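Some notes on the structure that comes next.
Keep in mind it's a predicted model, so treat the numbers as computed, not measured.
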Amino acid sequence: MQAIRKGAELPVLVEKLAFGGKAVAHVDGFVIFIDHALPGQLVKVRITRKKRQYAEARVIETIGQSPIYAEPFCPHFGVCGGCRWQDLPYGEQLVWKRLHVRECLTHLARVGREPLEVGETVAAPQTTYYRNKMEYSFSNRRWLLPEEIAAKEAEYRKDFALGLHVRASFDKVFNLEQCLLQSPQSVEIVREVRNWCSETGLTPYNTRDHQGFLRFLVIREGKRTNQTLVHLLTAAHREQEKRIDDLFHHLASCFPGITTMVHSVSQKKAQVAVGDWSRILTGPGFIEERMGDLRFQISAHSFFQTNPLAAEKLYEAVERLGSFTGRETVWDLYCGTGSIALFIASKVHRVVGFEVVQEAVEDAYVNCRLNNVDNCSFRVGDLKDVIREVLGSSQYGGIPDVVITDPPRAGMHPKVIRALQEVAPQRIIAVSCNPSTLARDIGLLLDQYVIKDVQPFDLFPHTPHIECVVNLEKK
């Protein structure tokens, strides 16, 4: 075996992609996970971490290119923390996502010895300009791009940046000049805000000493309504806050397509784009989006599917796999603003949604009124805490026939799993953005249920992220 230790450099042939996006190679049977490489590449790597059963490495030279290599389309590729799979052809991305779902369910859920049938990954309708929301960060620690470093005679301001985070860095931000994720107008708004704020003397927030003013710029777009919401999040600073109205008046004159603007103030030290209080500067404070025949109202802090065109296909699959007859009571766990609940409402007797965020439930009722839906009700609280109350109340229709669950990446709480085992609906439709936690949760249900369908969906092209729907039927 070649000496594999931290700092060692050696050539390896990349064999495959692991779940999460890292590449895999072997040296004399020893596994090496590589931060970014493609199957078929011959690369020289440097070992960054050595464990008993595996090592981690990063590429320092590409010796031989992969036959499936694709030229990245974004000039920020490699620096930006997003779109890690741009150099992997889109068809190959779909193949690997399907394989990763199968591997997770087979090995983590232990579904049995027979090969698990997994449908081909449903492609996103658009592979560029598909996001309806982007969060851009301000920083006083600007990352200089390679071309800026090369132009040694030029002077660049290093204490002001507005753009996206550098890969694997929580506090370094590069100035975004181009992005094919949201829309060309979105990038133009970012440039204009950056230039205006920099020239006006507004200061970016410092994550180290928690001084400064500007924190986030969030842009939301209705892909089918062409409405745009600009949301600026800042720290509390009385003097600098006076300039926000001027900024928004300037943006309104430059971009007539902006339909509403909101300013929020956050006093949290954590870098999350959520304000403690907000004020609407212009417009209604929300935009609308359409999915199928439904309208959804999306406010500055609302959760909504980031890729609505692809999410619509996923919701259609949930409706199809539910095999609804119109008589069912359906529970929708982690229902958010009620998008799945409303999507299936016309096909079932009633839907009861569960959500821990009060504001999301309020939005869900607003969306019901917008669409004249009267057979959905929503309960604030985690199912593990409120199940006894719900089952004992005629208000919620008793034991459900079908449960739909769409938890965050961490998956379902063990108490929620036990609640599902106790309620024992005829069908569980599990939606997940993380196949590994999905597999863990499903594995706990297989004593009572059998997997009938597995369908991956690509909601985030050019990234390793996978959405998946699994149809479980009671034995």
Would you indicate whether the side-chain heavy atoms of [Y] and [X] approach each other to under 4.5 Å?
X    : Y    : result
V122 : E316 : no
L333 : I404 : no
S266 : V274 : no
R167 : H36  : yes
R220 : H231 : no
W85  : K97  : yes
F138 : T234 : no
P464 : R84  : yes

Under a 4.0 Å N-O cut-off, is there an ion pair linking K133 with E135?
yes

Assess whether a salt bridge exists between D453 and R320, defined as any Lys/Arg side-chain N lying under 4.0 Å from an Asp/Glu carboxylate O.
no

Taking every non-hydrogen atom, the tightest pair across [X] and [Y]:
X    : Y    : value
L17  : A37  : CD2-O, 3.6 Å
I287 : E221 : CD1-C, 3.6 Å
S264 : H301 : OG-CE1, 3.5 Å
G163 : V173 : N-CG1, 3.5 Å
C83  : L181 : SG-CD2, 3.7 Å
P456 : I466 : CB-CG2, 4.3 Å

Using 0.5 Å steps for rounding, measure from the [atom1] atom of [X] to the [atom2] atom of [Y].
X    : Y    : atom1 : atom2 : value
R409 : H465 : CZ    : NE2   : 6.0 Å
N375 : K347 : CG    : NZ    : 12.5 Å
M291 : L342 : CE    : CG    : 10.5 Å
L420 : I428 : CG    : CD1   : 4.5 Å
Q455 : L314 : CD    : CG    : 9.0 Å
Q271 : L233 : CD    : CG    : 10.0 Å

Within 6.0 Å of CH2 in W143, more than 12 heavy atoms from elsewhere
no

Taking atom NZ of K44 as the centre, does the number of heavy atoms from other residues, nucleotides or ligands within less than 6.0 Å exceed 12?
no

Using atom types as modelled and distance alone, determine if a side-chain donor or acceptor of T225 lies under 3.5 Å from a backbone N or O of E289.
no

No-hydrogen, no-angle side-chain donor-acceptor test under 3.5 Å, [X] and [Y]:
X    : Y    : result
N434 : S436 : yes
S183 : S186 : no
Q93  : H462 : yes
E473 : Q426 : no

As a quick check of understanding, evaluate side-chain contact (heavy atoms from CB on, under 4.5 Å) for L438 and C468, giving each step before the final call.
CA-CA 9 Å; L438 171 68; C468 189; 4.1 Å; yes

Qualifying residues under side-chain hydrogen bond (donor to acceptor under 3.5 Å, both in side chains), relative to [X], sequence neighbours excluded:
X    : value
R440 : none
D401 : none
E422 : R388
Y205 : H210

Below 3.5 Å, can you tabulate the donor-acceptor pairs from side chains in residues 410-418 to any protein atom, sequence neighbours excluded?
| from | atom 1 | to | atom 2 | distance (Å) |
| --- | --- | --- | --- | --- |
| H413 | ND1 | K415 | N | 2.9 |

The ring pair (Phe, Tyr, Trp, His ring centres under 6.0 Å) partners of Y315 (sequence neighbours excluded) come to F343

Anything under 3.5 Å between a donor and an acceptor, one on a side chain of residues 47-55, the other on a protein residue two or more places apart or in another chain? List them.
| from | atom 1 | to | atom 2 | distance (Å) |
| --- | --- | --- | --- | --- |
| T48 | OG1 | E56 | O | 3.2 |
| K50 | NZ | I4 | O | 3.3 |

Contact list for residues 421-457, test ring pair (Phe, Tyr, Trp, His ring centres under 6.0 Å), sequence neighbours left out
none

Side chain to side chain donor-acceptor pair (under 3.5 Å) partners of residues 119-131, not counting sequence neighbours, each pair once
none

Residues 13-26 vs side chain to side chain donor-acceptor pair (under 3.5 Å), sequence neighbours excluded, gives E15-H26

Under the criterion side-chain contact (heavy atoms from CB on, under 4.5 Å), I'd like the reasoning laid out for L10 against V45: C-alpha separation, chi angles, the key distance, then a yes or no.
CA-CA 6 Å; L10 61 157; V45 301; 4.3 Å; yes

Do E467 and F460 pass the side-chain contact (heavy atoms from CB on, under 4.5 Å) test, and can you show the C-alpha distance, the side-chain angles, and the key distance before you say yes or no?
CA-CA 9 Å; E467 295 273 342; F460 298 96; 4.2 Å; yes

In terms of ring plane angle, is the pair F296 and F304 parallel, tilted or perpendicular, where the classes change at 30° and 60°?
tilted

Would you call the rings of H100 and F19 parallel, tilted or perpendicular, taking 30° and 60° as the class edges?
perpendicular

Residues 364-371 side chain polar contacts: donor-acceptor under 3.5 Å, at least two apart:
| from | atom 1 | to | atom 2 | distance (Å) |
| --- | --- | --- | --- | --- |
| Y365 | OH | F378 | N | 2.9 |
| Y365 | OH | F378 | O | 3.3 |
| N367 | OD1 | Q297 | N | 2.8 |
| N367 | ND2 | T337 | O | 3.2 |
| N367 | ND2 | D363 | O | 3.2 |
| N371 | OD1 | R295 | N | 2.7 |
| N371 | ND2 | R295 | O | 2.6 |
| N371 | ND2 | N367 | O | 2.8 |

What do the steps show when you test E288 against R290 for salt bridge (Lys or Arg N to Asp or Glu O under 4.0 Å), and what is the final call?
CA-CA 7 Å; E288 289 189 346; R290 293 185 179 275; 5.4 Å; no

Start with the C-alpha gap between I298 and L229, add the side-chain angles, then the distance that decides, and say whether side-chain contact (heavy atoms from CB on, under 4.5 Å) holds.
CA-CA 9 Å; I298 308 168; L229 184 153; over 6 Å; no

Who passes side chain to side chain contact (heavy atoms under 4.5 Å, CB included) against S169, sequence neighbours left out?
V166, D171, K172

Member of P72, C80, P461 meeting the side-chain contact (heavy atoms from CB on, under 4.5 Å) criterion with Q86:
P72

